[in-house]
Chemist: 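Before anything else, here's the structure in question.
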Amino acid sequence: MEEILSKLYRMTAFGGFSFEVVLMWFIAFVLLYLGIRKKYEPLLLVPIAFGVLLANFPGGGMGIVPAENIALEGHRYKNLFEIASEYGIMNYLYYSLIKTGFLPPIIFMGVGALTDFGPMLRNLKLALFGAAAQIGIFTVLIVSLLLGFNLNEAASLGIIGGADGPTAIYTTIKLAPHLLGPIAIAAYSYMALVPVIIPFVANLLMTKKEFKINMRQMDKLYPPKHKIKNLKVVKIIFPIVLGCVSAIFVPSSVPLLGMLLFGNLIKEIGTSTLRLSEAATGPIMNTATIFLGLTVGATMTADVFLSPKTLGIVVGGFIAFAISIAGGILAVKVYNLFAKKKINPLIGATGLSAVPMASRVANEIALKHDSNNHILQYCMASNISGVIGSAVAAGVLISLLS
Amino acid sequence: MEEILSKLYRMTAFGGFSFEVVLMWFIAFVLLYLGIRKKYEPLLLVPIAFGVLLANFPGGGMGIVPAENIALEGHRYKNLFEIASEYGIMNYLYYSLIKTGFLPPIIFMGVGALTDFGPMLRNLKLALFGAAAQIGIFTVLIVSLLLGFNLNEAASLGIIGGADGPTAIYTTIKLAPHLLGPIAIAAYSYMALVPVIIPFVANLLMTKKEFKINMRQMDKLYPPKHKIKNLKVVKIIFPIVLGCVSAIFVPSSVPLLGMLLFGNLIKEIGTSTLRLSEAATGPIMNTATIFLGLTVGATMTADVFLSPKTLGIVVGGFIAFAISIAGGILAVKVYNLFAKKKINPLIGATGLSAVPMASRVANEIALKHDSNNHILQYCMASNISGVIGSAVAAGVLISLLS
Amino acid sequence: MEEILSKLYRMTAFGGFSFEVVLMWFIAFVLLYLGIRKKYEPLLLVPIAFGVLLANFPGGGMGIVPAENIALEGHRYKNLFEIASEYGIMNYLYYSLIKTGFLPPIIFMGVGALTDFGPMLRNLKLALFGAAAQIGIFTVLIVSLLLGFNLNEAASLGIIGGADGPTAIYTTIKLAPHLLGPIAIAAYSYMALVPVIIPFVANLLMTKKEFKINMRQMDKLYPPKHKIKNLKVVKIIFPIVLGCVSAIFVPSSVPLLGMLLFGNLIKEIGTSTLRLSEAATGPIMNTATIFLGLTVGATMTADVFLSPKTLGIVVGGFIAFAISIAGGILAVKVYNLFAKKKINPLIGATGLSAVPMASRVANEIALKHDSNNHILQYCMASNISGVIGSAVAAGVLISLLS
Amino acid sequence: MQPLNEAILIMAVGMITVFFILFLIVLIGDLIIRLSNKYLPEEAVAVKAKKTGTSSDNTMKAIEAAIDVITNGRGKVTNIKKI
Amino acid sequence: MQPLNEAILIMAVGMITVFFILFLIVLIGDLIIRLSNKYLPEEAVAVKAKKTGTSSDNTMKAIEAAIDVITNGRGKVTNIKKI
Amino acid sequence: MQPLNEAILIMAVGMITVFFILFLIVLIGDLIIRLSNKYLPEEAVAVKAKKTGTSSDNTMKAIEAAIDVITNGRGKVTNIKKI
Ligand code: NA
Ligand code: NA
Ligand code: NA
């Protein structure tokens, strides 16, 4: 009888319990609440949160082990079969799909196949504000360096300001994989908080008059020079050329941008590659999302997550977002000083990326100030270019630091 | 000319022929017949049977090699690339997807996303009979130990009585992988034979009066205390809490139960995670089923399969099923001795699991005895809890024996 | 400032530029043009072309490294995790999905699930011309040996004449992986050029009278002996038996033919395995196509592709196609010398395979000569048997040479 | 320990655990139902979802009919997502 | 053996095998057809399937005919789900 | 180099690169548009595509409008297949 009880006890997780573990459950519940009830990017936050939960049951063997555990001597590593045997399926998934940098480009392929470069092509100039809105990345890099993060960690923290989930995850995998969990959560949470952060920053920096700048009226006053006569051809050539240009200048951005543009190309070609683009946006992307979420969540074991650095990431990520938005807005304001054809600074704010929510939020703000001021299509131009901007920034960081 | 003939001969499979190989083909044909014509779980039996066929052509290189072949010295193993190069794609699939324990939890995720805990939540008490109906697992464990199986083999044999394919496969991978083929076949075959086994056991153990116990009348006589006012919320919270509880007490059941409950959660959340649950029940589960079936079939090479143990598994598996059903029925009968609100013992029989066929069979039996006695919803309660029950039992076995 | 510029420069790809690299881009653009505008097998040529592009940006790390780079001493290899870490995701995909020989059989499973053996079963005798039309494979093997290719290379080159993409790729992986890129491109390009090549060869070898041989009239004059009463049963039994026969005589064709026939079986069984056949033809096949295309394209780095051998492959592949078509036509002509019931030699031409385009082309040619001469169904018989024929030929080559 | 003894011990541990877990599920399920009945009895969202739910069959037919008329049968709804 | 000799040998082995296999396919296909015609000309299951088939087949055909008429052949039912 | 100096250097390199690439995109996008306007202004294929496009666009709008009315905006067509 005693034996039964002792076996029973040893089988349970009670031996490994601690305050930290229970705290992690609480964090998982909060994330689940945000994802399910508040609908903060549920497609990622729910799997991440469940991954956190699974990882934090002592004895469940679902938590990701540190990379040291799989290193052997002489730059060699345990093989995937050994990882699965020793550390279970979650580590198998993590080390085959995530640590190899595989899933973020795969998700980017799907994102590309869902992206329409049309609005950007129709308002090419606005794409430049997608560059300005990357300033948060580098500012926070410097700030967090001063706060005690090392360079690689600081770069991963800064990339949260790119407001793009797969980019943030890919960069962190390459530069500071031990911070993957909190950075992914910060990135997706703040993307979900865009409807709060953009109005907050915009109200700080913009005047009432600026909120009312009407892009369509401007287009009437100063009509664009040439219209696109054959949009389909342009849309097919554009991703190919864009891929070449970015690959020549920032080769390290190829895994991300190349897959994004490949996805876009097979979508724009149309029916003859429809099977491929449907696969990229459907089963491939959804499957990738499930496993990305669960494994990223599973990196957050109590001992890794509960460190002062996590707090730094939460605060730093928010600052990066805010500065990126501010950068976009200020760039438009500077532009407006010199140009006759004014631009609504909200279009700078959407340079952040967080497609398409940022555009929708900016459009709503504009409509609140003037119910005729539809700026969605203009916002989408800088919004999409913000995705490219942060992927390029990620390429630079990886190239200079890894 | 002679040279041509000799090359021709050496190319063929004739050199490796034997009576055993031909017998394996015959077994494959029988399984194909059962799957295609008799519709015994065709989604699994057809791929398994085809895998048996492919594995038993000498020279085809599609049979699974024993684990010794991939072991190196010092607890190290050949890597997956080496396995593919040396032993071909079927071993590549087997050692990357099955031996790692990967596919059964993945299929459980899909099962979870197809499961509705509603009937169980509406009749929670009936869930207890899903525990009673696991007795076959442990009884057959003891019996087969006496018949000469070792402890790990006996546990894998017993788990057939859990009447749940992925659970049986997962447990066998962990405890006795050399028995994987016959155990998988026994599990799926007997699940397909549930329409025969349940009536057989029920007729042995139940009286006419018991067959006619009408659950709806009982509900009218003794109405349940409280109804569920907000089913959606309950259904979302339930898998989360259930996951935590089972993970705390039986951490080794987390890979199976955790994925099951994750699948269920993304289904119950609804539209905002629809992409994920559709992926889990569609492409992911179907792809997993194809590769699980083919590779499990391919483990059954003549020398592995044609052993007295296989016969023991076939017999033992049947006994395990029968005892599990009997356990469920008897548990209800004991309950009825003490309770005023009687329960139809058929609801105990479905505690076996084999969802949802067991419930349908039990419902038909009840209707045959009283055409107004619809017990399907009640059966589903114990039926679903039987899935949890056998996953917990599997966790206990793995935790105590591996 | 100088430091910034130097960092900027070192980050770009300029250091690795060369005439060869730019030439590869040009080749990629031509392939994209063929795939997108000329619609030459866009499902494969577009991913291949994009793979070529990605692979040829110095510093992008997307080009496939030679197999020597992953070999260690003593017949051991780097593991997949190490390959991903050192050489990036494209090599990870290539060495896990292609070099293991995994994807071609997977695509064949989908092809099987899309194939209808009905036309072949209705005109079984025509299947023999699917054998005659494999002569191009072996002729070009000899020719290219004389031109300086070694035996394994010559066999891979010859298999282009099988006019079947996955077969050509699978054979090349096994025999001469360094030629994978150009052989895959030649195979798919010539399959796209079938509407040009078949009329060209047919006009050379066929008389006006032969073009007008009307198969339906022949069927009326000499009606077939027995009709199929129960097509469904025949269609289910056929792939099973065919699988056994080919596996016994050419075991090395099992990975290809076995998967083809498994795919066909789960399709013919119908509703009870519909989930599986839908998965095989949908998400599995499309995903496999994307990754096959990208990685095959990525093998074509400048130094591998720009060699005289590539030119030999381009020329040899064309000859192989032409000879295969001629072989089919001539076999029919010889048959017609002896038989009363004449056969239209175009049906020999489609023995090449390139399903179903060859059949459509042949049908159109026949209709041009006689607008009542519908031969599509007859062409499909030899057309499908041509797929089996080249898979068998591939099995012979692999068995004798690897 | 002898295998048979161990097997019996496993049986005891196993059946106790299975019963204990499913007993806990009954308790906890009951608790969740009670708490949700008390604190989240019928929230706005749930009500809405239910309503669109029941009417969805009729709606579906109406949509199909409408499309048939408008497109002269050339269009067909293969997929309708609720938003 | 010299490569050229081996190549010719391969050609012989290869073409013989390909012809042999496809010849076997013809024979075996013929055999399957004969046997199925004799022993399973129109079996119970098939009949049953056909019958349940027929009712849904008829429905299906009716639907398809209707759509064909309406759409002048341009529409096609790709998927009907029972609800 | 001290980390801080390097960080500032990274910022410079990074922002220059990002601006440079997006500037190039503006230029090249403009160039593609001009060239396509000049050399491929409205090719046969494109015209065709556009025409079926516009007609189906109208149909689509009609369908959507109908559905909107019927479902009070709760339903949305996500997928219509033409054959
Ligand atoms: Na961005
Ligand atoms: Na069970
Ligand atoms: Na062929």
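Computed from a prediction, not measured in an experiment: that's the story for all the values here. Chain identifiers are assigned alphabetically (A, B, ...) following the order of the sequence lines, protein sequences preceding nucleic acid strands; residue numbering begins at 1 within each chain.
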Chemist: Using a cut-off of under 4.5 Å on heavy-atom pairs, state which of S272(B), G270(B), G243(B), G395(B) scores highest against chain A.
Modeler: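 It is S272(B).
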Chemist: Chain A: which of L276(B), N79(B), V254(B) shares the most heavy-atom pairs with it under 4.5 Å?
Modeler: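 Looking at each option in turn, the highest pair count goes to L276(B).
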Chemist: Please rank S253(B), C244(B), A280(B), S252(B) by heavy-atom pairs under 4.5 Å with chain A and give me the top one.
Modeler: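 The candidate making the most pairs under 4.5 Å is C244(B).
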Chemist: Which heavy atom in T273(B) sits nearest to a heavy atom in P42(A), and how many Å separate them?
Modeler: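 For T273(B) versus P42(A), the nearest heavy atoms are CG2-O, 3.9 Å.
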Chemist: Using a cut-off of under 4.5 Å on heavy-atom pairs, state which of T287(A), I83(A), L54(A) scores highest against chain B.
Modeler: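 Looking at each option in turn, the highest pair count goes to T287(A).
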Chemist: Heavy-atom distance under 4.5 Å to chain A: side chain of P283(B), backbone, both or neither?
Modeler: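 Only the side chain of P283(B) comes within 4.5 Å of chain A.
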Chemist: Students often mix this up, so state it plainly: with edges at 30° and 60°, are the rings of F102(B) and F291(A) parallel, tilted or perpendicular?
Modeler: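 Rings of F102(B) and F291(A): tilted, as their planes differ by 30° to 60°.
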Chemist: Give the intermediate values and the outcome of side-chain contact (heavy atoms from CB on, under 4.5 Å) for residues F29(A) and V241(B).
Modeler: CA-CA 10 Å; F29(A) 294 143; V241(B) 176; over 6 Å; no
Chemist: Working note: L43(A) + R275(B), criterion side-chain contact (heavy atoms from CB on, under 4.5 Å); need CA distance, chi angles, decisive distance, verdict.
Modeler: CA-CA 8 Å; L43(A) 287 174; R275(B) 289 180 75 104; 3.8 Å; yes
Chemist: Do the non-hydrogen side-chain atoms of I70(B) and F81(A) ever get within less than 4.5 Å of each other?
Modeler: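 Yes, side chains in contact.
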Chemist: Nearest 0.5 Å, please: how far is CE in M259(B) from CD1 in I290(A)?
Modeler: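 The distance works out to 8.0 Å.
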Chemist: Of the backbone (N, CA, C, O) and the side chain (C-beta and beyond), which part of I284(B) lies under 4.5 Å from a heavy atom of chain A, both, or neither?
Modeler: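 Only the side chain of I284(B) comes within 4.5 Å of chain A.
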Chemist: Could you look at M90(A) and say if it's the side chain, the backbone, both or neither that has a heavy atom under 4.5 Å from chain B?
Modeler: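 Neither the backbone nor the side chain of M90(A) comes within 4.5 Å of chain B.
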Chemist: List the atom of G258(B), the atom of F50(A), and the distance in Å for their closest heavy-atom pair.
Modeler: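 Taking G258(B) first and F50(A) second, the nearest heavy atoms are O-CE2, 3.4 Å.
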Chemist: What's the shortest heavy-atom distance between I89(A) and G101(B), and which atoms?
Modeler: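 Heavy atoms only, the tightest pair is CG2-O, 3.3 Å.
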Chemist: Please flag which part of P58(A) lies under 4.5 Å from any non-hydrogen atom of chain B: side chain, backbone, both or neither.
Modeler: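 Contact with chain B involves the backbone of P58(A) alone.
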Chemist: Verify, without hydrogens or angle tests, whether Y92(A) (side chain) and S96(B) (backbone) share a donor-acceptor contact under 3.5 angstrom.
Modeler: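 Side chain of Y92(A) to backbone of S96(B): a pair is present.
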Chemist: With salt bridge (Lys or Arg N to Asp or Glu O under 4.0 Å) as the test, pick out the partner of E82(A) among K99(B), K78(B), R76(B).
Modeler: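 Testing each of K99(B), K78(B), R76(B) against E82(A), the sole residue satisfying salt bridge (Lys or Arg N to Asp or Glu O under 4.0 Å) is R76(B).
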Chemist: When you compare the side chain of L80(A) with that of Y95(B), does any pair of heavy atoms fall below 4.5 Å?
Modeler: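 Not touching, per the 4.5 Å side-chain cut-off.
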Chemist: Run the side-chain contact (heavy atoms from CB on, under 4.5 Å) test on L32(A) and L265(B) for me, step by step, so that the C-alpha distance in whole Å, both residues' side-chain angles and the decisive distance to 0.1 Å come before the verdict.
Modeler: CA-CA 10 Å; L32(A) 281 172; L265(B) 177 64; 4.0 Å; yes
